[in-house]
Amino acid sequence: MAEAYRRHDLLDVEPGAWAAVIAERADLAGVPHVSVWVENGRPVILRRSHPGEDGGLVPVGLPLPPRDGKRRIGLALSPEAVRPRPPVLLVEALAVCPPAWAATLEALAILARRHGLAPRPFGSLLWQSLTGLPYLSEGSDLDLLWPIDGPVPPALLDGLAEIDAQAPIHLDGEILLPDGGGVNWRELYAAAPGDTVLVKHRDRLALRKATDILTSGAA
């Protein structure tokens with residue numbers, strides 16, 4: 001079912017369904033990589049639904065590398081055309097990380113072990129590790145997802161802020177809450193008592209009190 005998927009889920013697409021959907025999009029004719037994307041074993045990613053989209057379809061996207069325009073392509077597929085692919089963990093993407101990130105990655109690994117977490121890349125690092133295409137550059141951010149089973153440990157946010165302050169790159173990303181919502185870790189870290197933060201879901205945006213997320217996770 002379409003509603004079973006969450007933002008950032010990776011999905012494999014049935015090749016015939018992909019060809020049919022691409023054939024209906026005249027604006028994608030000749031766009032690099034798109035026609036053979038699925039044929040080359042590459043997944044798409046679940047994106048947020050746009051207003052007015054058919055709720056029975058699965059909203060997916062793929063970004064092109066910077067050298068090919070950095071275009072973000074959105075499509076909607078039938079649930080029968082897709083199947084879930086396991087997420088990529090940060091430890092599985094280390095081989096494509098720039099050497100300058102080494103100290104930052106080691107600090108993140110220590111922080112993750114301390115809290116029993118398995119961070120996942122998204123953004124440029126994810127797509128370069130999945131496709132082998134050149135998404136990363138000297139100015140790339142390190143974008144990570146931190147799935148949490150319950151309340152968000154303040155010590156995790158403190159650790160991320162400390163690592164970010166010493167890193168040669170911008171450390172960005174989201175805390176993924178148990179209900180599938182994602183909150184920017186910087187916003188949560190900077191929130192004062194009583195402040196609300198934006199939580200993104202696949203089909204909606206919500207404002208939640210930061211203290212609720214820190215004490216109880218998602219409802």
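One is the number of the first residue; the rest follow in order along the sequence.
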In a table with atom names and distances, give each donor-acceptor pair under 3.5 Å that connects a side chain of residues 22-35 to protein atoms at least two apart or in another chain.
{"residue": "R25", "atom": "NE", "partner": "D27", "partner atom": "OD1", "Å": "2.8"}
{"residue": "R25", "atom": "NH1", "partner": "G74", "partner atom": "O", "Å": "2.9"}
{"residue": "R25", "atom": "NH2", "partner": "D27", "partner atom": "OD2", "Å": "2.9"}
{"residue": "D27", "atom": "OD2", "partner": "R71", "partner atom": "NH2", "Å": "2.8"}
{"residue": "H33", "atom": "NE2", "partner": "D68", "partner atom": "OD2", "Å": "2.7"}

Less than 3.5 Å apart, which donor and acceptor atoms pair up between the side chains of residues 90-116 and the rest of the protein, not counting sequence neighbours?
{"residue": "E92", "atom": "OE1", "partner": "L89", "partner atom": "N", "Å": "2.8"}

Identify every side-chain donor-acceptor pair in residues 134-142 under 3.5 Å, counting partners at least two apart or on other chains, and give the distances.
{"residue": "Y135", "atom": "OH", "partner": "P63", "partner atom": "O", "Å": "2.7"}
{"residue": "S137", "atom": "OG", "partner": "G139", "partner atom": "N", "Å": "3.4"}
{"residue": "S137", "atom": "OG", "partner": "S140", "partner atom": "OG", "Å": "3.4"}
{"residue": "S140", "atom": "OG", "partner": "S137", "partner atom": "N", "Å": "2.7"}
{"residue": "S140", "atom": "OG", "partner": "S137", "partner atom": "O", "Å": "3.2"}

Compile the donor-acceptor pairs under 3.5 Å between side chains in residues 144-163 and protein atoms, sequence neighbours left out, one pair per line.
none

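With contacts defined as side-chain heavy-atom distances shorter than 4.5 Å, the pair R120/V88 does not qualify. In this structure, the side chains of R48 and R204 stay at 4.5 Å or more apart for every pair of heavy atoms. Side-chain contact between L10 and L126: present, with at least one pair of heavy atoms (C-beta onward) separated by less than 4.5 Å. Between D143 and P121, every side-chain heavy-atom pair lies at or beyond the 4.5 Å cut-off. You'll find the side chain of R7 reaches within 4.5 Å of the side chain of R202, heavy atoms only.
Taking OG1 of T196 as the start and CD of E187 as the end, the distance is 9.5 Å to the nearest 0.5 Å. One distance of note links CH2 of W127 with CG of L62; it measures 6.0 Å at 0.5 Å rounding. If you take CG on L133 and CZ on R42, they are separated by 4.5 Å, rounding to the nearest 0.5 Å. Atom CG of residue D195 and atom CG of residue L188 lie 10.5 Å apart, to the nearest 0.5 angstrom. Taking CD1 from I213 and CD1 from I175, the interatomic distance works out to 9.5 Å, rounded to the nearest 0.5 Å.
Of all heavy-atom pairs spanning V58 and Y5, the tightest one is CG1-CD1, 4.1 Å. Across all non-hydrogen atoms, the minimal contact from T211 to G194 is CG2-N, 4.2 Å. Closest of all the heavy-atom pairs between P43 and L130 is CG-CD1, 3.9 Å. Across D179 and G181, no two heavy atoms sit closer than the pair OD1-N, 3.0 Å. Minimum heavy-atom separation, D212 to R208: CB-NH2, 3.8 Å. Considering all non-hydrogen atoms of both residues, D54 and G56 come closest at OD1-N, 2.8 Å.
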Can you list the steps and then say if D12 with V44 is a side chain to side chain contact (heavy atoms under 4.5 Å, CB included)?
CA-CA 6 Å; D12 285 312; V44 292; over 6 Å; no
Please walk me through it: do V60 and V13 pass side chain to side chain contact (heavy atoms under 4.5 Å, CB included)?
CA-CA 10 Å; V60 301; V13 184; 5.8 Å; no
Intermediate values then yes/no, side chain to side chain contact (heavy atoms under 4.5 Å, CB included), L75 and W18
CA-CA 10 Å; L75 300 164; W18 182 258; 3.4 Å; yes
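Evaluation of the ring-ring contact (aromatic ring centres under 6.0 Å, His included) rule for F122 yields H8 as partners, not counting sequence neighbours.
With respect to R186 and D164, a salt bridge is recorded, a charged nitrogen being found less than 4.0 Å from a carboxylate O. A salt bridge links R47 and E53; the closest N-O separation between the charged side-chain nitrogens and carboxylate oxygens is under 4.0 Å. Looking at E14 and R83, no side-chain N of the basic residue comes within less than 4.0 Å of a carboxylate O on the acidic one, giving no salt bridge.
Other residues sharing a hydrophobic cluster with L198 under the 4.5 Å side-chain heavy-atom criterion for ILVMFWY residues are L205, L207.
Judged purely by atom type and a 3.5 angstrom limit, N40 has no side-chain atom pairing as donor or acceptor with the backbone of W37.
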